[in-house]
Q: 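Okay, handing you the structure first.
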2 protein chains.
Amino acid sequence: MTMPTDLLQRLTGLVGPTGVVTDGSDLEPYAVDWRKLFPGKPACVVRPSSTEQVAGIVQVCREAGVAIVPQGGNTGLAGGAVPDASGTQVVLSLNRMGAIRHVDPVGLTIEAEAGCILKVAQDAAAADGRLLPISLAAEGSATIGGVVAANAGGVNVLRYGMTRSLVLGLEVVLPDGTVANGLRRLRKDNAGYDWKQLFIGSEGTLGIVTAAVLRLLPRPKHSVTALISVADPPAALRLLALSQDELGDQISAFELISATSMQLVAKHAGLKAPIAEGEWFVLIEAAASLAGLREAADTMLGAAFEQEIALDGVIAESVAQAAQLWALREHVTESEAREGRSVKHDVSVPLTEVPRFLSEAGNALAAGAPGTRVNAFGHLGDGNIHYNILVGPDHDAGVVNRIVHDVVAAFGGSISAEHGIGQYRVGELARYRASTEMNLARAIKRALDPDNRLNPGKVLLP
Amino acid sequence: MTMPTDLLQRLTGLVGPTGVVTDGSDLEPYAVDWRKLFPGKPACVVRPSSTEQVAGIVQVCREAGVAIVPQGGNTGLAGGAVPDASGTQVVLSLNRMGAIRHVDPVGLTIEAEAGCILKVAQDAAAADGRLLPISLAAEGSATIGGVVAANAGGVNVLRYGMTRSLVLGLEVVLPDGTVANGLRRLRKDNAGYDWKQLFIGSEGTLGIVTAAVLRLLPRPKHSVTALISVADPPAALRLLALSQDELGDQISAFELISATSMQLVAKHAGLKAPIAEGEWFVLIEAAASLAGLREAADTMLGAAFEQEIALDGVIAESVAQAAQLWALREHVTESEAREGRSVKHDVSVPLTEVPRFLSEAGNALAAGAPGTRVNAFGHLGDGNIHYNILVGPDHDAGVVNRIVHDVVAAFGGSISAEHGIGQYRVGELARYRASTEMNLARAIKRALDPDNRLNPGKVLLP
């Protein structure tokens with residue numbers, strides 16, 4: 001370990017001996033992401049229990065010229081929260097700062113510390129009859145600070161937006177060790193620059209989120225889940241338009257599942273859609289406080305049959321049946337892993353371009369990476385497709401990435417719809433974003449973190 | 001006029017002779033805000049017709065060391081879009097860039113140039129059966145660029161958020177004359193810093209918005225409007241909780257109107273509430289695509305009577321009656337003006353603190369500015385109160401401001417909930433925001449506009 005002894009002493013002085021982790025096996029959970037794709041080697045891990053301690057750690061590391069990697073639940077998919085392999089970076093874990101400070105069921109706000117587990121915050125809102133709509137597979141481990149720093153997406157984005165749209169207030173420790181306290185519980189605040197926006201989605205490269213005020217919503221009383229098969233992606237778009245007409249803004253999920261995805265789920269998870277075969281499937285979820293939701297869903301499905309958009313379809317008659325329909329969607333990733341090696345993409349295009357994107361990306365792969373198979377599924381209602389490619393041992397992941405991302409770029413799309421850039425896509429981003437945008441990002445980074453001490457190497461290179 | 005002749009020539013060369021205004025009376029509409037509160041004196045007005053021309057103007061002015069004041073519909077309430085009185089600042093009006101480039105009714109996006117009138121964009125969305133929910137009194141003159149630069153609020157914020165939450169993509173000319181093109185029509189994009197957030201709500205001090213992609217929503221089919229009288233502000237909060245329970249997230253307005261406001265409307269506009277007198281009134285608007293809205297509203301009102309929250313109340317039985325209820329709210333400002341001199345405040349506090357705020361601000365005024373009368377009304381559902389004070393000729397507006405804003409600050413509130421800072425509140429902001437936050441704002445300004453050439457003197461002082 002290359003860490004100076006006096007720095008370790010100063011950190012221990014700030015957070016106490018139990019707040020510093022230096023031992024090899026204890027370091028392991030902080031050193032690598034949960035998928036074990038980005039192994040790193042921290043100088044040590046510091047676990048503060050207050051914002052003041054976070055500020056103190058930042059000041060001490062700054063004086064020592066040591067870089068800090070902030071970490072929440074370490075559930076990210078882009079390697080944004082783990083250190084590099086140099087053994088010189090200090091991991092600052094927020095996992096001892098987990099308090100929920102406040103829930104206001106009428107003002108519809110919740111205030112929580114950065115280390116609070118997302119599920120714990122969801123449950124606190126639910127206990128007061130309200131909804132914290134951020135929901136994702138890792139919600140049992142992901143933290144509020146990580147969710148904010150990553151601008152997390154998830155299954156409710158179509159209706160409630162990304163995490164950004166739910167952040168009302170933020171407390172951030174800046175790279176110079178000062179604390180910017182914007183923990184206002186205000187639904188409207190147009191007084192000066194909304195600086196907190198800089199820290200949402202910047203993956204800990206500009207500041208360390210220590211606490212947040214999030215917006216809650218009334219909890220819908222009724223929900224409806226439907227699975228419908230269609231002939232092709234354009235038909236799925238016509239179904240989306242119908243759903244918008246009948247269900248309005250009460251649709252929370254509009255998921256596209258390819259026949260390939262369904263076949264993988266049948267093969268590896270033993271689950272089968274309870275409707276006739278189709279080339280494509282759409283899973284729709286809607287929820288409302290008003291009665292009339294089921295009737296609107298029936299109207300939508302009826303019209304979809306009448307207009308020959310739906311080949312077959314079913315609306316769940318019970319919570320158990322809704323769960324069975326969702327299980328089909330939820331088992332796609334796992335079934336893909338069992339099938340073999342795959343190269344994943346988390347891309348978005350303007351949603352009405354999804355059919356053309358699927359067609360052109362398929363053609364480009366057939367030409368440039370023959371022998372690959374496409375496993376496409378995802379959030380059609382958001383224009384966000386998990387366009388995963390099943391490959392053989394000889395296919396080059398970089399080549400496959402390049403083929404897919406070039407098509408994404410041609411459609412004005414994004415190479416990271418919800419997972420972020422981290423260290424995983426940092427080179428790709430520089431390739432696809434215009435230099436004006438990259439220069440703007442670097443100007444922001446330089447203004448806030450001129451010495452590049454906060455999560456260096458993530459999101460953008462110097 | 002102190003403007004260099006060669007600058008004028010270069011500007012004319014860029015935009016043509018009809019694109020430059022130099023004559024006294026022609027300058028007038030650009031020189032002062034519509035309320036005539038902030039008179040200024042431009043060196044000239046330049047009216048580009050393309051983003052390239054905007055970039056050219058910024059480059060030319062930069063070389064000449066001349067400051068630029070971007071201007072949209074000039075409907076702002078904080079003097080943010082008019083020049084100072086020096087006669088040296090160039091007003092850059094976007095009013096020749098008014099095109100709607102694209103409406104996607106299924107992808108739910110609209111792309112418009114900065115000078116497009118808000119109402120024109122609303123109508124374009126409506127023509128495709130969709131809703132652009134930004135709605136405010138000045139919508140017939142306000143422009144998309146101005147609405148974005150000001151992060152405009154309005155009557156639908158409770159349901160759809162401020163303008164920020166509707167911006168998907170932005171094109172901005174930076175202070176160095178380069179063009180940052182982020183006109184992506186993506187609902188999800190987590191690839192790198194979301195730099196566009198910096199320009200939303202920064203009132204033209206960091207860049208000039210030239211075009212935007214905004215999010216649309218399905219247009220609700222049903223609506224309901226109710227007017228209910230209650231004994232006091234805590235009862236209004238209990239009514240809000242009941243409304244959230246019954247109507248969910250389909251409430252678009254929850255407006256509080258004081259008895260004083262109603263009396264002013266009766267006196268000066270001859271309008272009277274069709275329900276029994278009360279100390280406070282609540283106007284509720286909800287809209288939905290689902291049937292069942294009216295039944296839910298009836299349930300809500302029934303429960304409000306049963307729980308002795310409502311003193312009296314009515315649900316509009318027709319569009320005409322709904323308009324009559326809204327007219328009461330809409331005539332408050334005008335009636336206040338007819339009553340005499342007033343000192344206005346656009347403040348927000350955590351919404352469950354509104355009752356205590358009203359009580360403490362009232363006490364503070366009675367002690368510190370005796371003889372004043374409070375005319376309070378506004379967006380209770382957003383915690384945003386227009387806390388206007390009727391004053392006599394001898395009351396000092398600055399003293400009244402200070403008294404009110406000190407109470408706002410004590411509640412962790414904002415001195416500008418929706419109107420922005422402009423030049424109007426620039427001194428007040430520096431007083432009430434913590435130095436860490438002001439330093440952060442100045443660091444952002446320096447990084448993007450180091451020579452302070454873009455809308456200097458607005459939002460923050462150097």
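Only this structure's heavy atoms are used, side chains among them; waters, hydrogens and symmetry mates stay out.
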Q: I need the residue from A78(B), S414(B), A180(B), G292(B) with the largest number of non-hydrogen atom pairs under 4.5 Å to chain A.
A: S414(B)

Q: Non-hydrogen atoms of chain B under 4.5 Å away: do they reach the side chain of R159(A), the backbone, both or neither?
A: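 Contact with chain B: side chain only.
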
Q: Who wins among L293(A), I251(A), I415(A) for the most heavy-atom pairs under 4.5 Å with chain B?
A: L293(A)

Q: Side chain, backbone, both or neither: which part of F199(B) has a non-hydrogen atom closer than 4.5 Å to chain A?
A: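 Contact with chain A involves the side chain of F199(B) alone.
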
Q: Please state whether the side chain, the backbone, both or neither of A441(A) comes within less than 4.5 Å of a heavy atom of chain B.
A: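 For A441(A), heavy atoms of backbone and side chain both lie under 4.5 Å from chain B.
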
Q: Heavy-atom pairs under 4.5 Å with chain A - which of E295(B), Q250(B), R425(B) has more of them than the others?
A: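 It is Q250(B).
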
Q: Which one wins on heavy-atom pair count under 4.5 Å against chain B: G107(A), G383(A), P105(A)?
A: G107(A)

Q: Contact part of N384(B) toward chain A, heavy-atom cut-off under 4.5 Å: side chain, backbone, both or neither?
A: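 Contact with chain A involves the side chain of N384(B) alone.
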
Q: Have D104(A) and T352(B) got a donor and an acceptor in their side chains that come within less than 3.5 Å?
A: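 A donor-acceptor contact under 3.5 Å links the two side chains.
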
Q: Are any non-hydrogen side-chain atoms of T436(B) and L174(A) less than 4.5 angstrom apart?
A: yes

Q: With only heavy atoms counted, which part of L131(B) is less than 4.5 Å from chain A, the side chain, the backbone, both or neither?
A: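 Contact with chain A: none, neither part.
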
Q: I'd like to verify something: which residue of D249(B), L429(B), L460(B), L217(B) has the highest number of heavy-atom pairs under 4.5 Å with chain A?
A: D249(B)

Q: Below 4.0 angstrom, N of the basic side chain to O of the carboxylate: do R433(A) and D189(B) qualify?
A: yes

Q: Testing the basics here: between I444(A) and L198(B), what is the closest heavy-atom pair and its distance to 0.1 Å?
A: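 In terms of heavy atoms, the two residues are closest at CD1-CD1, 3.6 Å.
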
Q: Testing the basics here: between G413(A) and L186(B), what is the closest heavy-atom pair and its distance to 0.1 Å?
A: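 Nearest heavy atoms, G413(A) then L186(B): C-CD1, 3.7 Å.
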
Q: For chain A, which of L448(B), D382(B), I421(B), V459(B) has the most heavy-atom pairs under 4.5 Å?
A: D382(B)

Q: Taking the side chain from N190(A) and the backbone from E418(B), do they hold a donor-acceptor pair closer than 3.5 Å?
A: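 Yes; at least one donor-acceptor contact below 3.5 Å.
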
Q: Counting heavy-atom pairs under 4.5 Å to chain B, which of L168(A), I200(A), L237(A), L108(A) comes out on top?
A: L108(A)

Q: Give a yes or no on whether a salt bridge exists between E437(A) and R184(B), defined as a side-chain N under 4.0 angstrom from a carboxylate O.
A: yes

Q: For Y193(B) and L206(A), what are the C-alpha separation, side-chain angles and deciding distance, and is it a side-chain contact (heavy atoms from CB on, under 4.5 Å)?
A: CA-CA 10 Å; Y193(B) 295 171; L206(A) 299 175; 3.4 Å; yes

Q: Identify which part of R164(A) has an atom lying under 4.5 Å from any heavy atom of chain B, answering side chain, backbone, both or neither.
A: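 Just its side chain gets close to chain B.
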
Q: Do D245(A) and K221(B) meet the salt-bridge criterion of a basic N to acidic O distance under 4.0 Å?
A: no

Q: For residues L351(B) and R187(A), report the shortest heavy-atom separation together with the two atoms involved.
A: CD2-CD, 3.6 Å

Q: If I compare all heavy atoms of K188(A) with all of G154(B), which pair ends up nearest, and what's the gap?
A: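 Nearest heavy atoms, K188(A) then G154(B): NZ-O, 4.2 Å.
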
Q: For the candidates T109(A), T205(A), T299(A), which exhibits the highest count of non-hydrogen atom pairs separated by less than 4.5 Å from chain B?
A: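 Among T109(A), T205(A), T299(A), the one with the most close pairs to chain B is T205(A).
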
Q: Please rank D194(A), T178(A), V349(A), L240(A) by heavy-atom pairs under 4.5 Å with chain B and give me the top one.
A: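 Ranked by heavy-atom pairs under 4.5 Å with chain B, first place is D194(A).
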
Q: Under a 4.5 Å heavy-atom cut-off, does chain A meet the side chain of R130(B), its backbone, both or neither?
A: side chain

Q: Indicate the atoms forming the closest heavy-atom contact of S289(A) with G248(B), along with that distance.
A: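 It is OG-CA, 3.2 Å.
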
Q: Show the nearest heavy-atom pair for residues Q244(B) and P218(A), with the distance to one decimal.
A: O-CB, 3.7 Å

Q: Specify which of G412(B), A296(B), G182(B) makes the most heavy-atom pairs with chain A at under 4.5 Å.
A: G412(B)

Q: Against chain B, label V213(A) side chain, backbone, both or neither, depending on which of its atoms sit under 4.5 Å from a heavy atom there.
A: neither

Q: Between R238(B) and chain A, which part of the residue has a heavy atom less than 4.5 Å away: side chain, backbone, both or neither?
A: neither

Q: Examine whether an atom of V179(B) lies under 4.5 Å from a heavy atom of chain A, and if so say whether it belongs to the side chain, the backbone or both; otherwise answer neither.
A: backbone

Q: Who among E246(A), M438(A), H419(A) has the most heavy-atom pairs with chain B under 4.5 Å?
A: E246(A)

Q: Which of the residues G192(B), A447(B), S165(B) is involved in the greatest number of heavy-atom pairs with chain A at under 4.5 angstrom?
A: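 Between G192(B), A447(B), S165(B), the count favours G192(B).
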
